[in-house]
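Working notes, beginning with the structure itself.
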There are 2 protein chains.
Amino acid sequence: MTTSRSGPKLAKIAETIGVSTATVSNALSGKGRVSDELAARIRRKADELGYVASSAGRALRTGRSGVIGLVLPDIANPLFPQIAQAIEHAATQAGYGVLIGDSRGEIGMQTEAIGRLVERGVDGMVVVPRRGTRVIDIDCPVAVIDTPSTPGNTVSADHFGGGELVARHLAALGHRRVLLVGANRESNVQNDRLAGMRSVSELRTETLWLDERWYEAGQGGTLSLAEKMREGFTAIATVSDMQALRALTELQRNGWRIPEDVSVTGFDDLPWTSIITPSLTSVRMDMARIAGIAIEVLCAAILDPAKIDQTDRKTLRAPIQTVAMTLVERNSTAPPPIRDETAFKGELA
Amino acid sequence: MTTSRSGPKLAKIAETIGVSTATVSNALSGKGRVSDELAARIRRKADELGYVASSAGRALRTGRSGVIGLVLPDIANPLFPQIAQAIEHAATQAGYGVLIGDSRGEIGMQTEAIGRLVERGVDGMVVVPRRGTRVIDIDCPVAVIDTPSTPGNTVSADHFGGGELVARHLAALGHRRVLLVGANRESNVQNDRLAGMRSVSELRTETLWLDERWYEAGQGGTLSLAEKMREGFTAIATVSDMQALRALTELQRNGWRIPEDVSVTGFDDLPWTSIITPSLTSVRMDMARIAGIAIEVLCAAILDPAKIDQTDRKTLRAPIQTVAMTLVERNSTAPPPIRDETAFKGELA
DNA sequence: TACGTCTGATTAATCGTTTAATCAGACGTA
DNA sequence: TACGTCTGATTAAACGATTAATCAGACGTA
């Protein structure tokens with residue numbers, strides 16, 4: 001009742017005040033030449049009437065929608081909230097809206113989701129590609145968040161460095177035999193994390209791919225970590241918190257004490273890492289920073305299309321940026337049990 | 001090179017074929033009167049040129065943007081992915097795009113996020129309100145997903161019924177003394193779930209609010225469940241998986257066996273419930289169905305504004321719908337230990 | 001032949017904003 | 001007085017689609 005459903009238009013304000021629409025537009029955007037006094041009067045009238053600019057009108061005229069797309073491999077991914085929140089925040093700061101696109105399920109969905117966003121007229125998009133997927137040419141600027149080793153990547157966390165961090169932490173505690181746990185061989189991110197872990201020379205590692213165990217034993221299958229422990233491993237470094245949780249609860253259930261008997265580490269610092277007992281040592285990525293850079297690069301490309309790499313794909317021509325990860329030490333890591341250390345030393349001699 | 005950056009316009013197609021833009025528009029939308037032969041020719045030309053309609057142009061003319069907003073209390077909420085995915089999917093099916101709005105942090109953020117979406121010209125929005133917040137009048141159709149007891153609610157899971165489900169399950173297993181764990185007294189959802197649990201008369205319950213313990217003991221504080229166990233509780237029914245995980249790991253760490261010594265249940269069926277040991281008995285809501293209904297009602301209101309309740313707020317005038325929850329029985333629940341049952345019987349006599 | 005009807009297509013207005021081009025004065029200066 | 005300059009505002013043309021109104025023929029019928 002108070003404010004009519006379809007708000008007042010620019011012309012309405014112009015009319016009631018007695019000036020041209022151009023002047024109103026200028027006053028509101030602060031662009032043209034309008035006397036301060038009149039500008040103030042217009043602004044006052046505008047929000048007195050509850051004026052809201054028509055985004056369609058503006059978009060049509062300017063050719064920019066003020067909206068960017070966010071494409072995610074699988075929205076149900078537990079890491080997604082962090083990413084979406086960070087991107088949404090950074091985009092809002094930059095004056096953009098965020099349209100989501102879910103590319104779950106079949107691999108073709110990613111292309112399809114991207115297509116839908118383009119149809120909706122996004123000015124650019126941020127893509128977190130599916131594992132092993134490459135983003136194909138898109139008719140607008142695209143910032144890719146994956147991992148430095150992925151071709152076409154724009155910005156990402158230093159997954160390799162994160163792996164190193166974990167491994168060094170375990171090494172410093174005295175661990176020498178560490179069981180690495182991965183989930184998906186095709187994931188660039190996971191491979192980079194594992195490579196980082198393996199790069200720490202003090203450690204003797206072995207990698208357990210969960211996917212294999214998974215299929216062997218069925219979904220409910222356990223990791224059968226007990227035998228690994230007997231082989232002399234004193235720590236388990238996983239490539240994600242989910243797997244760490246899996247390992248931690250399985251070990252605990254079978255009577256192992258964490259971290260006294262065995263240390264466990266995760267990756268990503270999901271929301272529950274601090275509330276479990278023992279709380280989980282993990283590695284966090286600075287999503288706010290990553291999102292900020294992604295949006296910044298993207299906006300630059302939107303404003304200056306020359307920054308788009310024409311020769312290759314429509315990916316951004318900008319230095320690839322890598323953001324350091326940080327180790328979050330909690331209670332799931334500690335020095336290895338004496339027994340094992342002795343055994344290991346004996347083995348060396 | 002092949003397709004110019006700014007795609008061909010409607011007029012371009014009209015020109016190359018030699019007809020009017022109106023005819024092209026009609027042919028593509030299938031609305032006006034166009035001969036089949038010509039329509040086919042136009043369509044062929046259109047996607048030969050890779051024509052993509054300008055959403056701005058269309059939105060301006062039709063007054064509808066084809067985009068709806070999704071406002072969430074806190075994107076970082078672990079339940080968020082499910083919601084977002086379901087809404088995105090349902091909206092896509094209905095031909096709408098989804099613009100996200102995060103109302104994290106201060107309470108005023110919700111209103112602000114909503115405002116931003118309205119400015120962006122959404123045709124309607126789905127709001128999952130903050131705890132205890134009420135959605136104030138918005139200048140477009142709004143579907144609210146919260147809980148049936150919330151005024152203005154449009155559709156939601158039957159949280160009360162879910163609570164009943166858990167409680168009955170425990171009662172059927174033989175439990176009589178159950179410790180209820182909540183996290184936030186202001187949450188309508190949590191209160192409904194707890195009320196449902198308490199409604200099962202076979203159970204004697206007591207409620208532990210996590211927020212109190214939390215502040216008393218600091219963030220790292222444990223739930224001190226050991227003493228509760230000694231008081232004769234044989235099961236812990238929480239109001240969310242997060243708290244169930246918290247309880248489960250704490251008990252396990254202190255040597256209790258789950259489910260042999262004590263049963264634990266969660267709520268929401270988060271992605272990790274099935275991979276922990278023991279896997280967690282939880283209650284799942286049918287988000288796909290809820291989202292489907294929300295979008296359906298919303299679309300109806302968008303197409304027929306008469307469905308908007310003008311007298312009250314701009315909420316939808318539609319029967320409130322409630323979607324049943326389903327119990328997911330896993331390995332964290334079992335009959336109570338003999339010892340306790342005996343003790344309880346003795347207590348009764 | 002004249003008239004109504006139906007079909008297939010066109011004309012032209014419109015949605016609401018932005019912005020380049022223009023204009024009317026005022027003012028200072030030569 | 002005449003001329004350039006500067007300021008504050010206006011004019012009018014887009015932007016790209018949709019759609020009501022109109023029109024030209026073809027055809028059937030009285």
Side-chain angles (χ1 to χ4, degrees), chain A residues 4-43 45-46 49-67 95 118-123 139 303, chain B residues 4-43 45-46 49-67 95 118-123 139 303:
Chain A
S4 62
R5 169 65 187 87
S6 54
K9 330 292 168 196
L10 233 193
K12 181 88 166 193
I13 301 182
E15 188 191 355
T16 63
I17 287 217
V19 293
S20 70
T21 68
T23 302
V24 177
S25 175
N26 283 331
L28 262 29
S29 67
K31 277 186 178 171
R33 289 191 297 217
V34 187
S35 67
D36 293 349
E37 189 265 337
L38 179 55
R41 201 145 57 89
I42 290 177
R43 270 193 298 271
K45 198 72 186 177
L49 296 180
Y51 170 73
V52 178
S54 151
S55 49
R58 173 178 296 150
L60 180 55
R61 174 64 225 238
T62 63
R64 265 172 291 113
S65 62
V67 172
V118 171
E119 281 177 26
R120 287 252 133 67
V122 296
D123 294 336
D139 204 14
L303 298 178
Chain B
S4 62
R5 168 67 188 85
S6 54
K9 329 295 169 194
L10 234 195
K12 182 89 166 194
I13 300 181
E15 188 192 355
T16 61
I17 286 216
V19 293
S20 71
T21 69
T23 302
V24 176
S25 174
N26 283 331
L28 260 31
S29 65
K31 277 186 177 170
R33 288 192 297 219
V34 186
S35 67
D36 293 349
E37 188 266 336
L38 180 54
R41 201 143 58 88
I42 290 177
R43 273 194 297 272
K45 197 73 184 176
L49 295 179
Y51 170 73
V52 178
S54 150
S55 49
R58 172 178 296 150
L60 181 55
R61 176 63 224 241
T62 62
R64 265 172 292 113
S65 62
V67 172
V118 171
E119 280 176 28
R120 287 251 134 68
V122 297
D123 294 336
D139 205 14
L303 297 179

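The chains referred to below are lettered A, B, ... by the order of the sequence lines, with proteins before strands, and numbering in each begins at 1.
For the OP1/OP2 pair of C/dG16 and a distance below 4.0 Å, the side-chain nitrogens and oxygens of A/S54 include no atom meeting the criterion. Of the side-chain N and O atoms in A/K9, none sit less than 4.0 angstrom from OP1 or OP2 of C/dC15. Taking only side-chain nitrogens and oxygens, B/Y51 comes nearer than 4.0 Å to OP1 or OP2 of D/dA17. Between A/S35 and the phosphate of D/dG8, there is no side-chain N or O to OP1/OP2 separation shorter than 4.0 Å. Contact annotation: B/T23 side-chain N/O to C/dA9 OP1/OP2 distance is not under 4.0 Å.
Nucleotide C/dT14 holds its P atom 9 Å from the CZ atom of B/R61, rounded to whole Å. Taking atom CG of B/L10 as the reference point, atom P of D/dC15 lies 14 Å away to the nearest angstrom. Rounded to a whole Å, the CZ atom of B/R58 is 19 Å from the P atom of C/dC15. Atom CG in A/L28 sits about 9 Å away from atom P in C/dT17, given to the nearest Å. In this structure, A/N26 atom CG and D/dT7 atom P are separated by 15 Å, rounded to whole Å. The separation between B/L60 atom CG and D/dG16 atom P is 12 Å, rounded to whole Å.
B/A53 comes within 4.0 angstrom of the backbone, heavy atoms only, and of no base. Here B/R33 lies in heavy-atom contact (under 4.0 Å) with a base.
Counting only Watson-Crick and G-U wobble pairs whose two key distances fall under 3.5 Å, DNA chain D forms stems of three or more stacked pairs at C:1-30 with D:1-30.
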Side chains of residues 30-38 of chain B: which donor-acceptor pairs under 3.5 Å do they make with residues two or more places apart or in other chains?
| from | atom 1 | to | atom 2 | distance (Å) |
| --- | --- | --- | --- | --- |
| B/S35 | OG | B/L38 | N | 3.3 |

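The 5' end of DNA chain D is approached more closely, in terms of each residue's nearest nucleotide, by A/A39 than by the other of A/A39 and B/R64. Position along DNA chain D of the nearest nucleotide to B/K31 versus B/G57 favours B/G57 as the more 5'-ward residue.
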